[in-house]
Amino acid sequence: MKNLLVINLQSFGDILLSTHIATLAKKYIPEWKVHFAFRKELTLTTAEQDINATQDMINILSIQNNVASVGLIDNGMYVGPLEKQPDEIILIQGWSSELGILKSQLK
């Protein structure tokens, strides 16, 4: 079993939209597990003062189809349940093309 870590540095809405990567991976590389990570300091504009907001985001991402685990990026380091180095990393800093571009990358 191989592990793909998707690091998304965008807003939570964009991160949630990027979970389609896990569905595509299940279709094209079913032997891989897909893990997500986002910035520890990410705040929700609707819950800027909520101390549970980070855990809420982790919970929401964790229940998305084919997402194996969710961790955080803290000072440039991954912190989360993935115990070994991922086999591949996808870094998403912005959408410069259509979302479907990832389908061809996974192939």
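Shown here for Phe36 and Ala22, the closest heavy-atom pair between the two residues is CE1-CB, 4.4 Å. When all heavy atoms are compared, the tightest approach of Pro86 to Leu82 is CB-CD2, 4.0 Å.
Partners of Glu41 under the side-chain hydrogen bond (donor to acceptor under 3.5 Å, both in side chains) rule, at least two apart in sequence or in another chain, do not exist in this structure. With sequence neighbours excluded, the residues satisfying side-chain hydrogen bond (donor to acceptor under 3.5 Å, both in side chains) with Asn3 are His35. Listed by chain and residue number, nothing satisfies the side-chain hydrogen bond (donor to acceptor under 3.5 Å, both in side chains) test with Ser62 (two or more places apart in sequence, or in another chain). Under the side-chain hydrogen bond (donor to acceptor under 3.5 Å, both in side chains) criterion, Thr54 pairs with no residue, sequence neighbours left out.
Note that CD of Gln93 and CD of Gln10 are 8.5 Å apart. Values are rounded to the nearest 0.5 Å.
Within 6.0 Å of CE on Met1 lie more than 12 heavy atoms contributed by other residues, nucleotides or ligands. Heavy atoms from other residues, nucleotides or ligands lying under 6.0 Å from CG of Asn52 number more than 12.
Listed by first and then second residue, the salt bridge (charged side-chain N to carboxylate O under 4.0 Å, His left out) pairs involving residues 63-90 are Lys40-Asp74 (not counting sequence neighbours). Listed by first and then second residue, the salt bridge (charged side-chain N to carboxylate O under 4.0 Å, His left out) pairs involving residues 55-64 amount to none (not counting sequence neighbours).
Only one option out of Val67, Asn8, Asn66, Ile92 pairs with Ile21 in a side chain to side chain contact (heavy atoms under 4.5 Å, CB included); it is Ile92.
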query = Yes or no on side-chain contact (heavy atoms from CB on, under 4.5 Å) for Asn65 and Thr19, after CA distance, side-chain angles and deciding distance?
reply = CA-CA 8 Å; Asn65 289 335; Thr19 60; over 6 Å; no
